[in-house]
Amino acid sequence: MMVPPKRRAIASASADLPEAVGPATISSGLVEVTGFALGDGSMKFVRRTVAASDKVTLTERMVGRARELAGGGTPEWLSAGEAAEIPCMEPPDPDLLRAVLDNAPVDALCVRSRGRRKAVLVADMDSTIVTSETLDELAAEAGIGERVAAITARSMAGEIDFADALRERVGMLEGLDMMALERVWRRTAIMPGARELVATMRAHGAVTALVSGGFTWFTGRVAAELGFDTHRANTLLD
């Protein structure tokens with residue numbers, strides 16, 4: 001598996017992208033940033049604001065209000081109109097922060113300044129590192145896409161046990177030819193910002209792992225393309 005050397009990691013990515021990658025990240029997407037923002041070392045906390053870029057633009061005025069509320073230091077823009085960080089001594093009240101941000105669709109996270117650079121990234125694959133659900137795409141190849149997608153949705157909503165849902169969906173794919181996997185792979189797209197996220201974490205010495213309830217047939221290809229250190233999923237049997 002080819003991985004990018006640390007010295008060639010994308011310089012425009014931040015060392016402090018989201019700490020965890022999962023379904024909750026999707027609402028605002030993975031953030032492509034333009035510089036490193038470690039904050040004011042004299043401050044105990046860093047307040048990070050990330051806008052849902054398809055719904056709202058994070059403005060200087062909004063960030064200025066958040067800074068005043070927190071009594072913070074100089075804001076650092078991670079991505080213009082999308083993400084900024086404000087060093088502060090204490091976390092501001094969440095309700096007041098939402099109010100000064102006009103209740104806009106903006107995620108606000110407060111982390112301690114010390115030790116906030118993460119050493120491990122474990123990322124789900126489907127609808128997180130790639131834009132699609134590979135099992136659902138395979139089901140579409142088998143002509144049962146809607147049936148399998150409905151089971152996937154119920155599983156993600158916690159309505160049915162994940163393991164039971166997985167067995168049911170995979171059982172419905174029995175007899176599907178291997179060329180279907182190739183066709184699904186050819187139309188699988190990488191989530192915007194995912195390359196920068198993996199490159200940044202690796203550049204700062206983090207271990208990166210890709211995981212999925214799907215198949216290693218896909219995780220192996222995605223891991224190789226993006227430079228993950230390792231991957232784990234279910235193994236297809238011939």
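We number each residue from 1, following the sequence as shown.
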Taking every non-hydrogen atom, the tightest pair across [X] and [Y]:
| X | Y | value |
| --- | --- | --- |
| G214 | A233 | O-CB, 3.7 Å |
| L138 | F215 | CD1-CE1, 3.9 Å |
| R67 | G73 | NE-O, 3.0 Å |
| M89 | K44 | O-CB, 3.7 Å |
| D93 | L69 | O-CD2, 4.4 Å |
| A108 | L97 | CB-CD2, 3.4 Å |

Item to complete: Decide side-chain contact (heavy atoms from CB on, under 4.5 Å) for V106 and M62; before the verdict, give the C-alpha distance in whole Å, the side-chain angles of both, and the deciding distance to 0.1 Å.
Response: CA-CA 10 Å; V106 176; M62 294 167 71; 4.2 Å; yes
Which value, rounded to the nearest 0.5 Å, describes the distance between [X] atom [atom1] and [Y] atom [atom2]?
| X | Y | atom1 | atom2 | result |
| --- | --- | --- | --- | --- |
| T74 | M43 | OG1 | CE | 8.5 Å |
| I190 | E225 | CD1 | CD | 4.5 Å |
| R186 | L181 | CZ | CG | 11.0 Å |
| D164 | R169 | CG | CZ | 11.0 Å |
| L176 | E141 | CG | CD | 7.0 Å |
| I86 | R48 | CD1 | CZ | 12.0 Å |

Any sub-3.5 Å donor-acceptor pair from [X]'s side-chain atoms to [Y]'s backbone N or O?
| X | Y | value |
| --- | --- | --- |
| N234 | G213 | yes |
| T208 | V198 | no |
| D161 | A163 | yes |
| R232 | S212 | no |
| S155 | I151 | no |
| T49 | A84 | yes |
| R221 | W217 | yes |
| D107 | V50 | no |
| D177 | A180 | yes |

Give a yes or no on this: more than 12 heavy atoms of other residues, nucleotides or ligands lie within 6.0 Å of atom [atom1] of [X].
| X | atom1 | result |
| --- | --- | --- |
| E174 | CD | no |
| R61 | CZ | no |
| E146 | CD | no |

message: Would you say M179 ends up clustered with W185 if hydrophobic residues are merged whenever their side chains have heavy atoms under 4.5 Å apart, either directly or through other cluster members?
response: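 Per the 4.5 Å side-chain linkage, W185 and M179 are not co-clustered.
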- Message: Please determine whether residues V207 and L121 belong to a single hydrophobic cluster, defined as Ile, Leu, Val, Met, Phe, Trp and Tyr linked transitively by side-chain heavy-atom distances below 4.5 Å.
- Response: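 No, separate clusters.
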[X] versus [Y]: any side-chain heavy-atom pair under 4.5 Å?
| X | Y | answer |
| --- | --- | --- |
| V184 | T188 | yes |
| V222 | H231 | no |
| F228 | T219 | no |
| K118 | H204 | no |
| V130 | F218 | no |
| L173 | L135 | yes |
| L58 | E82 | no |
| M191 | I129 | no |

- Message: Regarding R183 and E137, does a basic nitrogen lie under 4.0 Å from an acidic carboxylate oxygen?
- Response: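 No, this pair does not count.
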Run the side-chain contact (heavy atoms from CB on, under 4.5 Å) test on L197 and M201 for me, step by step, so that the C-alpha distance in whole Å, both residues' side-chain angles and the decisive distance to 0.1 Å come before the verdict. CA-CA 6 Å; L197 172 63; M201 296 296 289; 4.2 Å; yes
